[in-house]
Amino acid sequence: MTRIQILGPQRVRPSLHEARSALAKDGTVAVITAGWEDREGENQEIARILGEAPLDLRLFRRTEHLLDDCPEILAASQEYQHHRRELRDIYNVRLTHALAAATELAHHSIDSQLVREETEQAFREIRRLDDDHLKRGEFLWKQFVSCFTRKSKDRIQIERKEIRSHIESCAMTLIAGGHVVHLLHCLRLFDLKPLLVSRPLIAWSAGAMALCDRVVLFHDSPPQGAGNAEVFDRGLGLCPGLVLFPHARRRLRLDDAERVSRLVARLQPATCLVLPNGAMLSYEGGEWTPGKGIRRLNADGSVEHMVSPIDEIHEETR
Amino acid sequence: MTRALDRLFRNGTPRKEDLASFLSENEFPLVEGRSVTFAFVGHADAVRVQHWIYGLPSAEPLSRIDGTKVWVGRMNLPPGSRVEYKLLLSREGHEELIQDPRNPHLAHDPFGANSVIHADGYTTPEWTQPDPDTNRGTLEEQVFQSKVFGDERKITVYVPARLRLIRQYPLLIVHDGQDFLKFSGLRTVLDNLIQHHEIPSVVAALIQSPNRLPEYGANPNHALFLRNELVPFLEKNYPLEPAPQARCLVGASFGGVACLHAAAQYPGFFGRLLLQSGSFAFTDIGANRHGAPFEPVVRFMNRFRKDPGRPSERVFMSCGQYESLIYENRSLVPLLQDTGMSLRYVESRDGHNWENWRDRLREGLSWLLPGPLWMIYE
């Protein structure tokens, strides 16, 4: 697999320049800013950091044009989005109750073997619910793409060919953050995983999340609600065994050991890493090496600064 | 803690210079923990604080400091309270309600403006204030002929920034929409919540009835107007998601009744309801005590309480603890829960007013129509 640099959010204390230098000094840089949706391509800040204008692959615009040009893709897309929303609502109903049950058991006044086993079972049920949700999502995606006509598929291939030629003309590809679901949708629609691994890759925030096996949405203090993390969808699987949490300081209650521990237990066997502003994590030769700022969430609820290569990453089975 | 008023009277009637310092060095109403001290300087036979806190005497008297024209008094308010009031002056047999000249905080409503106490712990939510970095939606005026009412109806449509015709947007139908704009800062609230990804981009139809009480008071014609005229008109002219879960009725007071009634008339059509301080009057026994405009409301609510059905899918209700309607709203909660609808009910230490309704919009809208906050990692 290619070399990858995973970064924390880049708005404050950007580490992009450093990451780029570590991968390749020369050559044009391709960038994916589809997560910025309507603001795609407004990458002056990236250009300033790199010292040159990147080549934006414009995946969001391409997707919008596809929807404009191919009515059956538009109809299928609207139906897919509708079902995804419905599925998410249902999942959250089930998740809320399952998590409440597991949490209540974890706080049970009697600390017996039976209660411990039943608590573990309650967490297993949550993991099963998360897995089922992923499978449902995969099924909906398959249904969605099965609606494409030959003409639509050809149209997608034309776009893909152009994207491929852009990627191959560049020294590396960057994937910026933003709306992780829209970003992932574009990456999958044009089947970019095989193209992305052909060049060194830098991804941050939502871009980094999209590379994991599982995309986990999280916010411990939303405007309302319990703030239960959601195992939302399959990612591209380029960071196997990792679940990444950008903006964790703002979005996770890292000082709540019980909450952290519960999250880790739920996502096991994945390694859960926090990506603060400017953090860096490198992948090369089959090994992940944490750079500055990377922290790991541990099963006991502690948050550990990472200094040595990450061992014991468990690849997830699908 | 010795409060300023206690310190002033520590040695009996205060000296002139101590009184002058007391008035000049403090802002009034003076909030010290739960204690709120009022001060008024002027000629009067009596001065009272006229408020609308249900459960307390509606006018709290101030006392004149001997030998002066300074009036002072104290109330206890729980933390987080927000109370609107006026000063009621009695002079030579006449009474006059005035805004508190010492209080710069005003809350506006269709009848003018009241002074406002922000008790300990209350802060005006940041998301209710204009933010220069926020993209602003636009307001479009629309006119169409209503067959149901036999007249021309004007509506204002809030269109979110960066509306894209190939997308589909949820619809809010806001009763008393112009009042929500003027007195609850609805446009700013929507701009901010959308910008912060706490709600999705929405289209909001702001309706303002020319005949409010009869039309909003459980009137089948109003429900028919919403269902058969307004929604089709909007779906024809704006890129809306044609699904119950993307149709949200919003209303306060009688507007809340209009929402619940329309949803009950057409179960399943409006999948989201935001009901604020609804005038849900009913009678268990005896006659309606709320006056003639409530007659159809009471009839509807009595009927609804017997057989509520399942009018909607998700309902957010709020009510102020200082409102007379708190009893009606609280009693509706278990009834709605039993219908199988998803219900969230919140109370605030506030009254029947526009800023109370404004302050609950974030919690209500982001629950009814969650935005992409969970999806954005920049």
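Any value given below was found using the heavy atoms of this structure, including those in side chains, with hydrogens, waters and symmetry copies removed.
- Residues of residues 183-202 of chain B lying within less than 4.5 angstrom of chain A, judged on heavy atoms, are B:Glu198 in numerical order.
- In terms of modelled atom types and a separation under 3.5 Å, the side chain of A:His247 and the main chain of B:Glu378 share a donor-acceptor contact.
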After noting the C-alpha distance and the side-chain angles of A:Asp89 and B:Glu313, does the key distance pass the side-chain contact (heavy atoms from CB on, under 4.5 Å) rule?
-> CA-CA 12 Å; A:Asp89 284 348; B:Glu313 184 183 54; 5.7 Å; no
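- The environment of CZ in A:Arg136 is sparse: at most 12 heavy-atom neighbours from other residues, nucleotides or ligands sit within 6.0 Å.
- The two residues B:Leu373 and A:Arg251 have their closest heavy-atom pair at O-NH2, 2.9 Å.
- Within 6.0 Å of the CZ atom in A:Arg11, the count of heavy atoms belonging to other residues, nucleotides or ligands does not exceed 12.
- With respect to chain B, the highest number of heavy-atom pairs below 4.5 Å among A:Gly177, A:Pro246, A:Gly207, A:Ala206 belongs to A:Ala206.
- The candidate with the highest count of non-hydrogen atom pairs below 4.5 Å against chain B, out of A:Glu230, A:Gln81, A:Arg39, A:His182, is A:Arg39.
- Of the listed residues (A:Pro9, A:Ser205, A:Ala176), the one with the most heavy-atom contacts under 4.5 Å to chain B is A:Ser205.
- Under the ring pair (Phe, Tyr, Trp, His ring centres under 6.0 Å) rule, B:Tyr377 has a single partner from A:Phe218, A:Phe245, A:Trp204, which is A:Phe218.
- When heavy atoms are compared at a cutoff of 4.5 Å, B:Glu363 approaches chain A by way of both its backbone and its side chain.
- Counting heavy-atom neighbours within 6.0 Å of A:Glu79 CD, excluding the residue itself, gives a total of 12 or less.
- Contact tally against chain A (heavy-atom pairs below 4.5 Å) for B:Ser366, B:Ala246, B:Ser342: the top residue is B:Ser366.
- When each of A:Leu67, A:Leu183, A:Asp38 is scored by its heavy-atom pairs under 4.5 Å with chain B, the top score falls to A:Asp38.
- Remark: A:Arg94 CZ is loosely packed, at most 12 non-hydrogen atoms of other residues, nucleotides or ligands lying under 6.0 Å away.
- Distance CG/A:Asp233 to CE/B:Met375: 10.0 Å, rounded to 0.5 Å.
- The shortest side-chain heavy-atom distance between B:Glu241 and A:Arg85 falls under the 4.5 Å cut-off.
- For B:Arg164, the CZ atom is densely surrounded, since the number of other residues' heavy atoms within 6.0 Å is greater than 12.
- Under the side-chain hydrogen bond (donor to acceptor under 3.5 Å, both in side chains) criterion, A:Ser15 pairs with A:Gln10, not counting sequence neighbours.
- By the 4.5 Å heavy-atom criterion applied to side chains, A:Glu37 and B:Ile376 are counted as neighbours.
- For a residue to count as touching a neighbouring chain, one of its non-hydrogen atoms must lie under 4.5 Å from one of that chain's; by this rule A:Ala208 does not touch chain B.
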